[in-house]
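Report on the structure given below.
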Amino acid sequence: MKITQTTFCCFLISSVVNTCYSAFHPFIFIPGDGGSQVEAKINKTNSVHYICAKTSTDYFNIWLNLELLVPVVIDCWIDNIKLRYDNVTRRTLNTDGVEIRIPGFGSTEPVEWLDPSRASSGAYFTDIVNALVKLGHVRNQTLKGAPFDFRKAPNENQDYFVKLKQLVEETYEANGKTSVILLAHSMGGPMSQYFLNLQKQSWKDKYIKCLVTLSGAWGGSVKAVKVYAIGDDLGSYMLNGKVMKLEQITNPSLAWLMPSRNYWKMDEVLVQTDTKNYTLDNIKDYFMDVEYPDGWDMVFYKPGAFYDNPTLINGDGDGTVNRRSLEGCKTWSSKQRQKVYDLALPKVDHMGILKDVNVLEYISNLVNSL
Ligand SMILES: *[C@@H]1O[C@H](CO)[C@@H](O)[C@H](O)[C@H]1NC(C)=O
Ligand SMILES: *[C@@H]1O[C@H](CO)[C@@H](O)[C@H](O)[C@H]1NC(C)=O
Ligand SMILES: *[C@@H]1O[C@H](CO)[C@@H](O)[C@H](O)[C@H]1NC(C)=O
Ligand SMILES: *[C@@H]1O[C@H](CO)[C@@H](O)[C@H](O)[C@H]1NC(C)=O
């Protein structure tokens, strides 16, 4: 994908205010896919390799722990973090003997750093949090984190939406009844939209000041299509996409991020091979041809031996999300009375937005200007 731009948006949610800009509203951070710490505890009867531990005395960090992502050890890692799809209940399960939890709900720590050792490669919301702290915000008081099990789509995160609602209410009360700003990145954008759609307008008027989204993946991304075929190396030369794929494709959140019919034409070519082109119209064939029929079951829209070296038809965007999907926030202007501000950030990529000086300044302005 050509990196041409990414998008910053600010949606007014409350219908009783007319500006996005206001002093000292608390923030709740809603991460994207892969954007929080994850812990596992294991007590397995089988392992995929003799070097893989079968038990752990307690929970340990499992997500983006680079020590677990080296050859062979990565096979143990995949077996511990992948999901198994039950096509009858349409829900996913962890590998037998594995418990997974997302630590620190409410605290900023697990969304500031993906790895508790604070390795710089795992820096996530930390620059934005630091910029807000400089303005007088306080971690865990006016700044809160709301991580979720990003492996799963909203249908399996219903308890998260309940917890998030409680966190919003608690944060409002603990800060002198001041409404909250939700700040989301990537898949956190559509997760926030899903959450807000569950609430009554009167609740939103009271508790939510606005929703700020960075690189929101409103309409999914062609990149999700790619992952089913060749995986994703997360931009790291140390990782092998084809190996990572074995875990990635088991995540229903990936299916949730497939290109949306609202943003792509049904006959638009997404993947081109020598003998067949894939579009939303025949995307079921694609899942069959990459030999992952569960992926088709997980994909929420229903329409009614894979080839080597497919070509992806991508167009421009931020390296992860296509431009038309990023610009999805523009479509809200005509759908809600409250104002939506959107800004294109030229040449900023999907992760770069989290440390971009202009973005830090926009967010600071949200706080400073009354
Ligand atoms: C581990 O699982 C076995 C059964 O498979 C059980 O007997 C044992 O108590 C478990 N150990 C812990 C620490 O939970
Ligand atoms: C579930 O998957 C299996 C194996 O792919 C398949 O044979 C079966 O028909 C599927 N069942 C449903 C209800 O989709
Ligand atoms: C925020 O809360 C978490 C969890 O309780 C804690 O680990 C962290 O140190 C706290 N951060 C600050 C700055 O108090
Ligand atoms: C796939 O689409 C491209 C461009 O849209 C076209 O040139 C090509 O002939 C198509 N290939 C097949 C096998 O239909």
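Each residue takes its place number in the sequence, starting with 1. One-based numbering, in listed order, for ligands and for the atoms of each. Computed from a predicted structure; not experimentally measured.
- To the nearest 0.5 Å, atoms NZ (Lys223) and NZ (Lys226) are separated by 5.5 Å.
- Note that atom 9 (O) of ligand 1 has no protein non-hydrogen atoms nearby, at separations under 4.0 angstrom.
- Of the protein's heavy atoms, none falls inside 4.0 Å of atom 4 (C) of ligand 1.
- Taking atom 1 (C) of ligand 4 as the reference point, the nearest protein heavy-atom neighbour is Asn277 ND2, 1.5 Å.
- Taking the six-membered ring where the residue is Trp, Tyr207 and Trp203 present tilted rings, their angle falling between 30° and 60°.
- One finds a salt bridge joining Asp285 and Lys276 here, because a Lys/Arg side-chain nitrogen approaches an Asp/Glu carboxylate oxygen to under 4.0 Å.
- A salt bridge links Glu109 and Arg118; the closest N-O separation between the charged side-chain nitrogens and carboxylate oxygens is under 4.0 Å.
- Applying the 4.0 Å criterion to heavy atoms of Thr275 picks out, from ligand 4, the atoms 13 (C).
- Side chains of Ser221 and Asn322: a donor-acceptor N/O pair is present below 3.5 angstrom, by distance only.
- Nearest to atom 12 (C) of ligand 2 among the protein's heavy atoms is Asn87 ND2, 3.4 Å.
- For atom 7 (O) of ligand 4, the nearest non-hydrogen atom of the protein is Gln272 NE2, 4.8 Å.
- Looking at ligand 1, you'll find an N or O of Asn43 within less than 3.5 Å of one of its N or O atoms.
- Judged purely by distance below 3.5 Å, without hydrogens or angles, the side chains of Glu99 and Tyr59 pair a donor atom with an acceptor atom.
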